[in-house]
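Structure first, commentary second.
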Amino acid sequence: MIKHLQELLEKALEDLKRNGEFPKDLSPEIIFERTKSKEHGDFATNLALTLAKPLKKSPRDIAQLLTDNLIESLHVSKVEVAGPGFINFFLTENCRRQVIKQIIKQGDEFGDNAYGKNKKITVEFVSANPTGPLHVGHGRGAAYGASLSNILEKCGYNVQREYYVNDNGRQMDILATSVWLRYVELCGQPVVFPDNGYQGDYIVDIARIVRKKYGDKFLHTSHEIYEGVPADEKSGGDKETHIDGLISNTKSLLGKKDYNKVFQIALNDILSGIKQDLSKFNVNYDSWFSEKLLHSGDTVDRALKILKDNNYLYEKDGAIWFMATHFGDDLDRVVIRENGQKTYFASDVAYLLNKFERGFEGALYLFGADHHGYIARMKAAAKGLGINPDDIEIVLTQFANLIEHGEKVQMGTRSGKFVTLSQLIDDVGVDAARFFYVMRSHDQHLDFDLDLAKSQSNENPVFYIQYAHARICRVFEKLEQEALQYNQEIGLASLNLLDNDSEHDLTRLLSSYPEILTASARTRSPHVLANYLRELAQSFHSYYNEHKIGKLDDESLRNARLCLAKAVKVIIANGLKMLGASAPESMFSEDKD
RNA sequence: GCUCUCAUAGUUUAAUGGAUAGAACAUCGGUUUGCGGUACCGACGAUCCAAGUUCGAUUCUUGGUGAGAGCACCA
């Protein structure tokens with residue numbers, strides 16, 4: 001439709017150029033936007049405002065000239081100049097109502113568009129270290145990433161959802177060592193648990209699994225365990241060197257083979273827990289990418305070689321550095337440490353290379369706000385590798401606070417008091433959790449109100465939207481009791497009867513759905529969709545209250561209204577699905593406690 | 001100290017550089033016995049401060065103020 005309007009204006013411009021009103025070399029970009037208020041018609045363009053300066057004429061005069069030279073269109077009922085010089089286009093009612101037919105015909109395919117041009121992209125999100133269960137802090141990234149991926153897919157991107165499993169670094173050694181120490185404890189040998197070890201109870205659970213499988217096979221004396229280990233923080237030493245000493249002893253005491261057994265049990269247990277939690281949260285991945293693969297293959301070496309061949313590496317203090325400052329980063333970054341170990345950043349560079357080697361045309365990274373330092377670093381890495389930095393995009397999500405009884409829920413891994421994602425889902429349900437996490441802009445701090453999420457009232461936006469859906473289902477159900485029928489043919493043929501304000505409003509909202517999707521995709525903002533659904537639900541509730549829909553004797557009007565309701569239902573269901581929430585047929589559920 | 005993100009009604013917040021800054025909650029006042037009142041309608045009420053760019057700024061630039069975060073041969 002926008003295209004059609006552009007053509008109309010294009011023609012008017014040509015005519016004005018031909019009769020000398022406008023200079024011949026004028027070829028402005030014609031931008032149409034959907035109007036915010038219906039008094040301004042359906043679409044508006046600011047063309048006259050942008051032409052004011054080059055033409056040295058008042059915007060209103062230009063707008064008037066343009067409208068006077070417009071040719072008639074079947075779809076346009078009225079064109080007017082308004083405000084400072086906007087040209088507002090009013091579509092014919094007939095044209096507006098076509099969307100209802102379209103929605104009913106296309107169902108969940110309505111809104112599909114080619115905005116993304118089938119670009120093959122990888123969306124990486126959550127990627128929490130497999131050293132413990134996911135907590136509510138990861139929830140926002142998970143909900144955001146999953147919803148955004150769905151929207152991008154809808155908008156014509158070829159999306160792969162990926163989770164990067166950091167199964168290679170020192171943190172994993174700390175995990176394995178923590179598990180082993182708990183295991184030693186379980187065998188009856190007392191240990192002083194390190195300050196920097198993983199404190200959670202889940203570590204003991206994993207140790208139990210190890211013991212069940214291997215008995216006391218891995219047991220060693222405390223003399224052996226602590227031999228040559230520097231003092232821990234609580235004994236006045238340094239917790240880092242202390243745990244490094246413990247790791248090193250653990251490795252040599254168990255030997256590579258047995259150490260790996262403990263390591264694998266810990267990794268598998270935690271990773272499968274993470275997978276379970278995410279799947280329970282309706283968050284599904286196409287790929288779980290292991291960091292180890294980068295090392296066991298030659299990707300890390302090749303990535304470093306590329307940097308080296310491009311002369312972006314140098315040696316200092318026995319370490320190998322990447323000249324990140326050359327590409328705008330604050331600091332140069334170490335890729336190989338003095339002790340010969342490759343840094344985590346080296347893996348990141350390799351992973352980036354790997355993504356593009358796998359044929360992705362774009363890499364989208366979704367990070368928490370605490371990772372903002374990564375942006376410059378990753379862009380620098382891309383430049384160093386010869387990858388266009390514009391092909392990688394890093395989006396940050398701000399933190400979420402949990403609010404309970406009006407108070408912020410205090411959390412911290414140290415205090416040991418943190419709410420897991422799984423607990424949250426059990427507490428408020430998947431639908432509310434998914435929706436609440438994305439209903440605010442991702443670059444805005446989010447207050448997650450637990451009480452509101454649990455409440456079953458109109459104050460709860462998820463509930464409110466779902467209720468609109470259930471209400472429509474109920475209307476259709478109720479028809480049978482009234483011995484009335486829904487006849488879609490008659491309804492679609494009678495759409496011209498939808499002529500009151502509420503019906504116009506609803507129709508208008510429905511037709512903006514595809515643009516909501518592309519706007520959502522373009523700005524990486526699922527909350528735009530969330531807000532839209534609320535608005536649509538509100539508009540429907542209002543309509544429902546004012547007008548009868550199903551219980552009508554007039555067959556034509558009844559079916560026309562039912563078609564409208566059905567279209568609303570389709571959109572709500574589609575939208576909720578994309579945000580990872582369900583669209584229930586009824587709000588009364590027997591199995592609810 | 002340096003860097004990044006954010007700042008809008010009492011509260012939580014929305015707004016591709018555009019028209020009268022849009023909602024929800026709270027507060028106050030209403031709803032013809034109804035296809036589910038788990039709903040609807042109305043009122044009150046806001047762009048942190050100061051310059052600049054622009055025909056036009058909540059939006060862009062600069063400087064303040066305030067909040068959060070990041071600044072390792074850690075992951």
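From a predicted model like this one, the values you see are computed outputs, not experimental measurements. Letters go in sequence order (proteins before strands), and every chain restarts at 1. Computation of the quantities below employed the complete heavy-atom set of this structure, encompassing side-chain atoms and omitting hydrogens, waters and symmetry-equivalent molecules.
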Atom-pair distance ([atom1] on [X]; [atom2] on [N]), nearest Å:
X      : N      : atom1 : atom2 : value
A/L49  : B/rA57 : CG    : P     : 13 Å
A/H40  : B/rA15 : NE2   : P     : 20 Å
A/R440 : B/rU12 : CZ    : P     : 10 Å
A/E482 : B/rG34 : CD    : P     : 13 Å
A/R471 : B/rG37 : CZ    : P     : 6 Å
A/L51  : B/rG18 : CG    : P     : 17 Å
A/I465 : B/rA23 : CD1   : C1'   : 13 Å
A/H547 : B/rU32 : NE2   : P     : 17 Å

Does [X] count as lying over the ring of [Y], i.e. NZ or CZ under 6.0 Å from the six-ring centre, within 45 degrees of the axis?
X      : Y      : result
A/R534 : A/Y464 : yes
A/R471 : A/Y544 : yes
A/R377 : A/Y374 : yes

Counting the atoms with a prime plus P, OP1 and OP2 as sugar-phosphate, which does [X] contact under 4.0 Å by heavy atoms, base, sugar-phosphate, or nothing?
X      : result
A/H371 : nothing
A/A376 : nothing
A/D332 : nothing
A/D370 : sugar-phosphate

Does the side chain of [X] get closer than 4.0 angstrom to OP1 or OP2 of [N] through an N or O atom?
X      : N      : result
A/Q538 : B/rA24 : yes
A/H372 : B/rC2  : no
A/K478 : B/rC35 : no
A/S542 : B/rC41 : yes
A/Q444 : B/rA14 : yes
A/R474 : B/rG34 : no
A/K548 : B/rG34 : no

Can you tell which of [options] lies closest to the side chain of [X]?
X      : options                : value
A/N545 : B/rC40, B/rG18, B/rU5  : B/rC40
A/E338 : B/rC73, B/rG68, B/rA75 : B/rC73
A/V475 : B/rC35, B/rG18, B/rG37 : B/rC35
A/A82  : B/rA19, B/rG37, B/rA15 : B/rA19
A/Y374 : B/rA14, B/rA75, B/rA15 : B/rA75
A/S441 : B/rG68, B/rA14, B/rA75 : B/rA14

Write down the distance separating the [atom1] atoms in [N] and [M], rounded off to the nearest Å.
N      : M      : atom1 : value
B/rU8  : B/rA14 : C1'   : 9 Å
B/rC6  : B/rG17 : P     : 14 Å
B/rG22 : B/rU59 : C1'   : 15 Å
B/rG63 : B/rU27 : C1'   : 39 Å
B/rA43 : B/rA26 : C1'   : 14 Å
B/rG56 : B/rA23 : C1'   : 25 Å
B/rU13 : B/rG52 : C1'   : 29 Å
B/rA9  : B/rG45 : C1'   : 5 Å

Consider only side-chain N and O atoms of A/E124 and A/S127, and report whether a donor and an acceptor are under 3.5 Å apart.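 The criterion, which ignores hydrogens and geometry beyond distance, is satisfied for A/S127 and A/E124.
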Within the 4.5 Å heavy-atom criterion, are A/Y513 and A/L529 side-chain neighbours or not?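 They are in side-chain contact.
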- Are side-chain heavy atoms of A/Y486 and A/V475 found at a separation under 4.5 Å?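 No. Closest side-chain heavy atoms not under 4.5 Å.
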A/A52 vs A/I549, nearer the 5' end of RNA chain B by closest nucleotide
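Nearest-nucleotide comparison on RNA chain B picks A/I549.
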Given RNA chain B, 5'-ward residue of the pair A/P84 and A/D317, judged by closest heavy atom =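 Its nucleotide being nearer the 5' end, the pick is A/P84.
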Review point. Should the pair A/H442 and A/Y144 be assigned to parallel (<30°), tilted (30 to 60°) or perpendicular (>60°) ring geometry?
Key: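 Aromatic pair A/H442/A/Y144 classed tilted.
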### Message
Below 30° counts as parallel, above 60° as perpendicular, anything between as tilted: where do the rings of A/Y164 and A/Y351 land?
### Response
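Correct class here is parallel.
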In the strands shown, is [N] matched to any nucleotide by a Watson-Crick or G-U wobble pair with both distances under 3.5 Å, and which?
N      : answer
B/rC71 : B/rG1
B/rG42 : B/rC28
B/rU61 : B/rA51
B/rA23 : B/rU12
B/rC6  : B/rG66

Original post:
Considering only heavy atoms and no angle criterion, is a donor-acceptor pair shorter than 3.5 Å present between the side chain of A/Y464 and the base of B/rA23?
Top reply: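 Per atom types, no contact qualifies.
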### Message
Quiz question: going by heavy-atom distance under 3.5 Å, is there a donor-acceptor pair between the base of B/rA15 and the side chain of A/N531?
### Response
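It does not, because no donor-acceptor pair links the side chain of A/N531 to the base of B/rA15 below 3.5 Å.
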Are the ring of A/F86 and the base ring of B/rA19 both nearer than 5.5 Å at their centres and tilted by less than 30°?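 Taking the rule of under 5.5 Å and under 30°, the ring of A/F86 does stack on B/rA19.
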*With centres under 5.5 Å and planes under 30°, do A/Y544 and B/rC40 count as stacked?*
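Not stacked by the 5.5 Å and 30° rule.
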Looking at A/N339, I want to see if its CG is surrounded by more than 12 non-hydrogen atoms of other residues, nucleotides or ligands under 6.0 Å.
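Yes, CG of A/N339 has more than 12 neighbouring heavy atoms, counting only those of other groups under 6.0 Å.
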